[in-house]
Amino acid sequence: PAKEGTAKAKAAAQADTPVAAAPPSSSSSSESDKTTKTTLEGEISALKGDPLPSSSSGGTKAHPVVVVSGFFTPDINVKSYAGRNVVIPSTGEVGIVLGPFGKAGKCKVSFEKAAAEGDGKSGGGCSGKVGDKAELMPPSPSSSSS
């Protein structure tokens, strides 16, 4: 009988769960709003690779790859966004999405290819810091022709 009471309490708690789960469903509707925007916003969550020796930003060390979070939810296939440009507004540097990083919707962004192509202001690497904003740019129609 004590177990039945506990089961009823769990059932009541589960009945309240959909109400508590309503905010995530509203965030999925904002996710569809994000896909209609021209840019998605995220932030640098990690700097990867050895700092590059040549840095155009004075004493700040530039890293070849950064990990960005906030662009995607875990259920989105990040690989389909590979090749898209990412801009770090605080530095003006432009990188390219390489692919997913882990399973939480994070992605790796390379600032080496953009520098090699002479794209944007990137002098070889990203001099941004963890926590800096990042913007995923819309696909450019000319990107497939290069």
- Task: Please step through side-chain contact (heavy atoms from CB on, under 4.5 Å) for the pair Val87 and Met137, ending with a clear verdict.
- Result: CA-CA 7 Å; Val87 176; Met137 305 309 288; 3.7 Å; yes
- Message: Would you say that Asp132 contacts Val130 through its side chain, given a criterion of any heavy-atom pair below 4.5 Å between the two side chains?
- Response: no
- Reported OH-to-CG distance for the pair Tyr81 and Leu40, which is rounded to 0.5 angstrom: 6.5 Å
- Query: Do Lys106 and Pro100 come close enough that some side-chain heavy atom pair is under 4.5 Å?
  - Reply: no
- Criterion side-chain contact (heavy atoms from CB on, under 4.5 Å) on Cys126 and Ile44, from CA distance to verdict: CA-CA 10 Å; Cys126 174; Ile44 298 174; 4.1 Å; yes
- Task: State which residues pass side-chain contact (heavy atoms from CB on, under 4.5 Å) with Lys48; sequence neighbours excluded, sorted by chain then number.
- Result: Ala46, Val65, Val67, Phe101
- Message: Does any part of the side chain of Ser45, heavy atoms only, come nearer than 4.5 Å to the side chain of Val68, both counted from C-beta?
- Response: no
- Nearest 0.5 Å, what's the CG-NZ distance between Leu47 and Lys129? 10.0 Å
- For Asn77, does the CG atom have more than 12 heavy-atom neighbours from other residues, nucleotides or ligands under 6.0 Å away? yes
- Task: State the OG-CG distance between Ser110 and Leu98, to the nearest 0.5 angstrom.
- Result: 5.0 Å
- Task: Give a yes-or-no answer on whether the side chains of Glu43 and Ser69 include a donor-acceptor pair shorter than 3.5 Å.
- Result: no
- Message: For a quick test of reading the model, state the closest non-hydrogen atom pair linking Ser127 to Thr91 and the distance between them.
- Response: OG-CG2, 3.7 Å
- Could you pull out the closest heavy-atom pair between Phe71 and Gly42, with the gap in Å? CE2-N, 3.3 Å
- Between Lys133 and Ile88 the two heavy atoms that sit nearest each other are O-CG2, 3.7 Å
- Look at the side chain of His63 and the backbone N and O of Gly49, then say whether any donor-acceptor pair between them is shorter than 3.5 Å. yes
- Output all residues satisfying side chain to side chain donor-acceptor pair (under 3.5 Å) with Ser80, sequence neighbours left out; order by chain, then residue number. none
- Task: Measure the spacing between CD1 of Ile76 and SG of Cys107 and express it to the nearest 0.5 Å.
- Result: 11.0 Å
- Do you know the tightest heavy-atom contact between Val78 and Gly105? CG2-O, 4.5 Å
- Message: For a quick test of reading the model, state the closest non-hydrogen atom pair linking Leu136 to Val86 and the distance between them.
- Response: CD1-CG2, 3.8 Å
- Query: If every non-hydrogen atom of Pro74 is compared with every non-hydrogen atom of Lys103, which pair is closest and at what distance?
  - Reply: CB-O, 3.6 Å
